[in-house]
Protein chains: 2
Amino acid sequence: MLALIGDKWSAQVLVELGDGPRRFTQLERAIEGVSRRMLTLSLRNLERNGLITRTVYPDAPPRVEYATTALVEEIREPLEALGAWARRAGPAIVAARQAYDIRSPN
Amino acid sequence: MLALIGDKWSAQVLVELGDGPRRFTQLERAIEGVSRRMLTLSLRNLERNGLITRTVYPDAPPRVEYATTALVEEIREPLEALGAWARRAGPAIVAARQAYDIRSPN
DNA sequence: CTGCATCCAGCATGATACTG
DNA sequence: CAGTATCATGCTGGATGCAG
């Protein structure tokens with residue numbers, strides 16, 4: 001699982017594509033801090049693993065759209081459960097972190 | 001979320017601790033390929049984020065047990081859903097990979 | 001617009017040795 | 001048993017420039 005989307009950006013790409021197909025530049029702008037290089041690599045990797053599709057439209061200027069496959073739809077629900085948990089648990093995590101840092105001031 | 005357990009070993013640690021508390025050496029043996037150093041770092045990180053507890057028993061020889069916290073219990077279900085999906089989707093992923101590699105022989 | 005190639009720095013990780 | 005300390009290194013990923 002983590003071998004598929006465990007890197008820094010792939011998960012975010014999947015989140016963006018959750019609302020529907022997106023173009024390369026749209027993703028680049030939506031995902032704060034991603035470089036063109038890393039976005040390309042992530043997209044290639046996701047495509048290779050069958051998690052997204054890449055569609056080239058023969059226009060000028062070039063247009064490429066990325067979309068999630070059925071494989072990803074199957075896990076949308078547990079993924080969103082995890083997302084909800086992350087938002088809920090955020091404060092507890094921060095608190096735990098502060099408590100730990102006070103106990104071990106290194 | 002991935003910031004918490006996105007590294008190479010933390011997720012596996014959580015899986016091992018899913019069956020109950022474990023000692024340092026038990027984890028080291030159960031998790032194939034992990035070095036003492038990385039196991040230590042992962043455990044410290046999980047502890048700092050409040051996902052596991054570390055209990056030292058004042059015995060000779062020393063004994064330390066790690067266990068998951070309630071925070072982790074909350075996501076056991078979606079996590080297992082993801083695991084089940086990973087096992088089911090495995091073959092499809094491999095197939096997609098082969099198809100891709102044939103299309104793009106670089 | 002959508003990439004790919006190259007270069008290079010920095011961090012993460014493994015190996016190894018040592019300790020309470 | 002359960003770590004810590006130190007060193008060497010390899011890969012990740014950013015920056016930059018080029019291209020169809």
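Residue numbers start from 1 in every chain, and the chains themselves are labelled A, B, ... in the order their sequence lines are given, proteins ahead of strands. These numbers come from a predicted model, not from an experiment.
Within the hydrophobic cluster formed by Ile, Leu, Val, Met, Phe, Trp and Tyr side chains joined at under 4.5 Å, directly or through other members, B:Leu2 is accompanied by A:Leu2.
Among all heavy-atom pairs drawn from B:Pro78 and A:Ala81, the shortest one is CB-CB, 3.9 Å. The shortest heavy-atom contact between B:Leu82 and A:Met1 is CG-CE, 3.8 Å. Across all non-hydrogen atoms, the minimal contact from A:Val34 to A:Glu28 is CG1-O, 3.9 Å. Nearest heavy-atom pair, B:Phe24 versus B:Leu39, reported as atom, atom and distance to 0.1 Å: O-CD2, 3.8 Å.
Here OG1 of A:Thr69 is found 10.0 Å from CG of A:Asn49. Values are rounded to the nearest 0.5 Å. In this structure, the separation between CZ on A:Arg76 and CG on A:Leu79 is 8.0 Å, given to the nearest 0.5 Å. Atom-to-atom distance recorded for A:Ile75:CD1 and A:Leu51:CG is 7.0 Å, nearest 0.5 angstrom.
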Quiz: residues 9-21 of chain B side-chain donor-acceptor pairs under 3.5 angstrom, not counting sequence neighbours:
residue, atom, partner, partner atom, Å
B:Ser10, OG, B:Asp7, OD1, 2.6
B:Ser10, OG, B:Asp7, OD2, 3.1

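Mapping heavy-atom proximity under 4.0 Å, the span of DNA chain C touched by chain B runs 5' to 3' from C:dT13 to C:dG20. Taking 4.0 Å as the cutoff to heavy atoms of chain A, we find the contact window on DNA chain D bounded by D:dG13 to D:dG20.
Within 6.0 Å of atom CD in A:Glu77, 12 or fewer heavy atoms from other residues, nucleotides or ligands are found, so the atom counts as exposed in its surroundings.
Not one N or O on the side chain of B:Trp85 forms a donor-acceptor pair closer than 3.5 Å with the backbone of A:Val72.
Taken together through direct or relayed side-chain contacts under 4.5 Å among Ile, Leu, Val, Met, Phe, Trp and Tyr, B:Tyr57 and B:Leu27 form parts of separate hydrophobic clusters.
If you check residues 2-19 of chain B against DNA chain D, you find no residue with a heavy atom closer than 4.0 Å. Taken residue by residue, residues 20-49 of chain A places heavy atoms nearer than 4.0 Å to DNA chain D at A:Ser35, A:Arg37, A:Met38.
Contact annotation for A:Tyr66: backbone-only contact, meaning every heavy-atom pair under 4.0 Å involves sugar-phosphate atoms and none involves a base.
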